[in-house]
Amino acid sequence: MSKPKFYLTTAIAYTSRIPHIGNTYEAVVSDAIARFKRMTGYDVFFLTGTDEHGQKIQQQAIADGLTPKQHVDKIAGEIRRIWDFMNVSYDKFIRTTDKEHMETVQKIFKKLYEQGDIYKSSYEGWYCTPCESFYTETQLAEGKCPDCGSEVQKASEEAYFLKLSNYADQLVKHIEENPNFIWPEARKNEMINNFIKPGLQDLCVSRTSFNWGVPVSFDDKHVVYVWLDALSNYITALGYNPDGQSGELYKKYWPADVHIIGKDIVRFHTIYWPIILMALGEELPKQVFGHPWLLQGKDKMSKSKGNVIYAEDLVNYFGLDAVRYYLLKEMPFAQDGNLTYEHMIGKINSDLANNLGNLVNRTVTMVDKYFGGIVAEPDVKEPIDEELINLALETPDRVEEKMNEYRVADALDEVITLLKRSNKYIDETQPWILAKDDAGKARLKTVLYNLLESIRIASVLLLPFIPDTAVEIQRQINATKTDWNSIKSFDGIIAGSKVNEAKPMFARIDEVKKLAEIHAALELNTPKEEPKVEEKKEEKVEVKPEEDGLITIDDFAKVQLKVATVLECEKVEKSDKLLKLQLLVGEEKRQVVSGIAKTYKPEDLIGKHVILVANLKPVKLRGIESNGMILAASDDETLTLLTPMAEIKSGTDVS
RNA sequence: CGCGGGGUAGAGCAGCCAGGUAGCUCGUCGGGCUCAUAACCCGGAGGUCACAGGUUCAAGUCCUGUCCCCGCAACCA
């Protein structure tokens, strides 16, 4: 009998930085879905991988003194290692630098060109000669190059474009006729109203300004630009071939059942990607699921807040399945989720230690204590049993229902409900009293059997989410039937079998102690590299800390701190937080932009002394050059500038 | 008038589309139990459902207006 197929993909991770926990979430949630589908009888193909081309990567490799290939090999290896470490059960890990992928992308490009969907043109832009880069109007900083500040000239760059307008009507029709195509549904209107209705602009699909990419086969000045390259991974991974000779995997698995992606790239997956496929004459994916973000507390993760969290660190603190559980259980379906250590500890204690762990532990202990570890045949039944049994038998369907809509957190909640009901059942039946006489023991056999069986069902349901733990539970209760069909009836535990020793799986966490431990670890690692959030944003170079987190006086001496006097100060237009300050540092004048406008009014600062980091690399903030930074202390509520306690000359060194 | 999401108990959320007893998880307080990881079970307290109008026998839910918060566009020191 052949199984129905199920093809799912994650977005491919950009290889500019090590992924943080928010990026890792996508891989874990996809994994849970893949495992669940496999368990419920699907022939699953689960694809993930890395996006390795582009100017950013080329530049960063140069900065690190590596070739682009060395750089992406390093990061892609790291990403793959983290996915493995998190127990992500992908079937294939594709890299956009794979030979097969690149060749197929070239063929796709050529085919689209030959049939007129891609055409050669040029776009108007601003060219910076020193940087050899093109910028759009909006990228410019005060009319100058955002990178080096040089004058730019209006120029046009040759480029290939994908004609989107050819397919716009067809796309709208498809979106409207397939209400599940964009998921959750709210995102559908966003796409239609914001992007399709106003009219689609043709998409630029090649670049000449850098060469780390897939070369256009018939025009070697050009490389294929990001989206055509990256999106194609979903079909190149299966051996798609535009000449009609696609591989077996493609024939079997395409179209994708779901692309699981971050909400920020919904647009590319629901507009550009379908159009590319329509142009190729291929089927469209059945669904695109844009999941929300995982935030650190209320904030986005950022290095300046010192709040970047990595999956591996969390696993070190809490254990693998605890982290998987938290990610899956605490991410809402459509809104951004918040991650705090406090919350995480609370969740692990209540759901995993108290509810799940303790239930298994007390049940197995009782089997051991009252029956020498041997599972007895159920004997005396009572009406109260029905409630537990019915719930246990309904739960698989409920979980499946939720999973079909990718409401992973809700699916887990159904399992928790069963666990809670089981704990309640113990109180209702009072096994410790039953154990006192023979009549009670006859009843007790049934009670313990029902508990073990409920636990068995729960453990099977937990396999996709916390696989290691689920297996450990099955080991402890000695369950041999652990497949999906076996939980459709309430008789999978075999009478006469012997349970194994009860071992706590999740220790209760002492919040105060654990937080202290985490903070101590954070202190040591503070200036860790900043990972990027999925967008390809700016990069910063970091000084590597010593192993123990301590620096020497020489390290500190690298930072030149000076007293400076505020000469002028004004608000940066259209900015909430930024002030532009003109400072006097000894004889020298400096312009610094600082994010303190919420606390200080420009006129309050004039004439004040501040502490300036004088040898900070200049940056542009809102297009205004900032040469240094002024020191301020801040917590959640208060921000205050640091200032010398006594009158002292501007330009004085601080050490 | 840029686009979008949101404001419901101390925290996090559901309920709104198809008006009819304000619900869940955590926390908190009290009690019970002793098989178990001081876990488990029961009960209580805690809400002007952002605000103001309107429709209705009836509004968290529908309509109108206002305020506030958060993303992104477009700036983290």
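In what follows, chains are A, B, ... by sequence order, proteins preceding strands, each numbered from 1.
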Q: Starting at the 5' end of nucleotides 27-37 of chain B, put B wherever the base has a protein heavy atom under 4.0 Å, S where only the sugar-phosphate does, and a dash everywhere else.
A: -----BSSBBB
(Q) Test of understanding: with ring-ring contact (aromatic ring centres under 6.0 Å, His included), list the residues that count as partners of F181(A), not counting sequence neighbours. (A) H174(A)
**Q.** For K514(A), salt bridge (Lys or Arg N to Asp or Glu O under 4.0 Å) partners two or more places apart
**A.** E517(A)
Q.
According to salt bridge (Lys or Arg N to Asp or Glu O under 4.0 Å), does anything in residues 411-422 of chain A pair up with another residue at least two apart or in another chain? List the pairs.
A. K329(A)-D413(A), E387(A)-R421(A), R398(A)-E414(A), K402(A)-E414(A), R421(A)-E428(A)
**Q.** Gap in Å between the two P atoms, one belonging to rU21(B) and one to rA39(B), rounded
**A.** 37 Å
**Q.** Whole-Å distance separating the NZ atom of K329(A) from the P atom of rC24(B)
**A.** 15 Å
Q) What's the NZ-C1' distance between K420(A) and rC42(B), to the nearest Å? A) 13 Å
Q) Going by the angle between their ring planes, with limits at 30° and 60°, are W227(A) and H269(A) parallel, tilted or perpendicular? A) perpendicular
Q. Pairs in or reaching into residues 350-359 of chain A: which pass salt bridge (Lys or Arg N to Asp or Glu O under 4.0 Å), with residues at least two apart or in two chains?
A. K347(A)-D351(A)
Q: Indicate yes or no: at least one non-hydrogen side-chain atom of L356(A) is less than 4.5 angstrom from one of I466(A).
A: yes
Q. Whole Å only: how far is the CG atom of N349(A) from the P atom of rU25(B)?
A. 18 Å
Q. Between residues 374-390 of chain A and RNA chain B, which residues have a heavy-atom gap below 4.0 Å?
A. none
(Q) List the residues meeting side chain to side chain donor-acceptor pair (under 3.5 Å) with D202(A), not counting sequence neighbours, and say none if there are none. (A) Y119(A)
Q.
For RNA chain B, report each stem as range with range, ordered by first number, or say none. Use Watson-Crick or G-U wobble pairs under 3.5 Å, at least 3 in a row.
A. B:2-7 with B:67-72, B:10-13 with B:23-26, B:28-32 with B:40-44, B:50-54 with B:62-66
Q) What integer number of Å spans the C1' atoms of rU61(B) and rU56(B)? A) 13 Å
(Q) Give me the distance, rounded to whole Å, that separates rU25(B) from rG43(B) when you measure between the P atoms they each carry. (A) 11 Å
Q. Pairs in or reaching into residues 367-381 of chain A: which pass salt bridge (Lys or Arg N to Asp or Glu O under 4.0 Å), with residues at least two apart or in two chains?
A. none
**Q.** Nearest-angstrom distance, P atom, rG65(B) to rG2(B)
**A.** 16 Å
(Q) Checking E382(A) now: which residues fulfil salt bridge (Lys or Arg N to Asp or Glu O under 4.0 Å) with it, not counting sequence neighbours? (A) R443(A)
Q | Nearest-Å distance for atom pair CZ/P, residues R267(A) and rA73(B) | A | 11 Å
Q: Taking salt bridge (Lys or Arg N to Asp or Glu O under 4.0 Å) as the test, write out the residues that go with D427(A), two or more places apart.
A: R362(A)
Q. rG15(B) and rG6(B): how far apart are their C1' atoms, nearest whole angstrom?
A. 15 Å
Q | Rounded distance in Å - NZ (K424(A)) to C1' (rG43(B)) | A | 12 Å
Q | rC26(B) phosphate, OP1 or OP2, under 4.0 Å from K347(A) side-chain N/O | A | no
Q | rA74(B) and rC62(B), which share atom name P, separated by this distance in whole Å | A | 34 Å
Q) Between atom OH in Y325(A) and atom P in rU25(B), what is the gap in whole Å? A) 13 Å
**Q.** P spacing across the pair rA59(B) / rC51(B), given as an integer number of angstrom
**A.** 15 Å
Q: Give me the ring orientation class for Y341(A) and Y317(A): parallel if the planes are under 30° apart, tilted from 30 to 60°, perpendicular past 60°.
A: perpendicular
Q. rC13(B) P sits how many Å from I416(A) CD1, rounded?
A. 19 Å
Q: Using the C1' atom as the reference point in each nucleotide, state the distance between rU48(B) and rG60(B) in Å, no decimals.
A: 12 Å
Q.
My understanding is that only residues two or more places apart in sequence, or in another chain, count here; which of them pass side chain to side chain donor-acceptor pair (under 3.5 Å) with Y425(A)?
A. D385(A), N450(A)
Q: Using atom CG of L419(A) as one end and atom P of rC41(B) as the other, report the distance to the nearest whole Å.
A: 11 Å
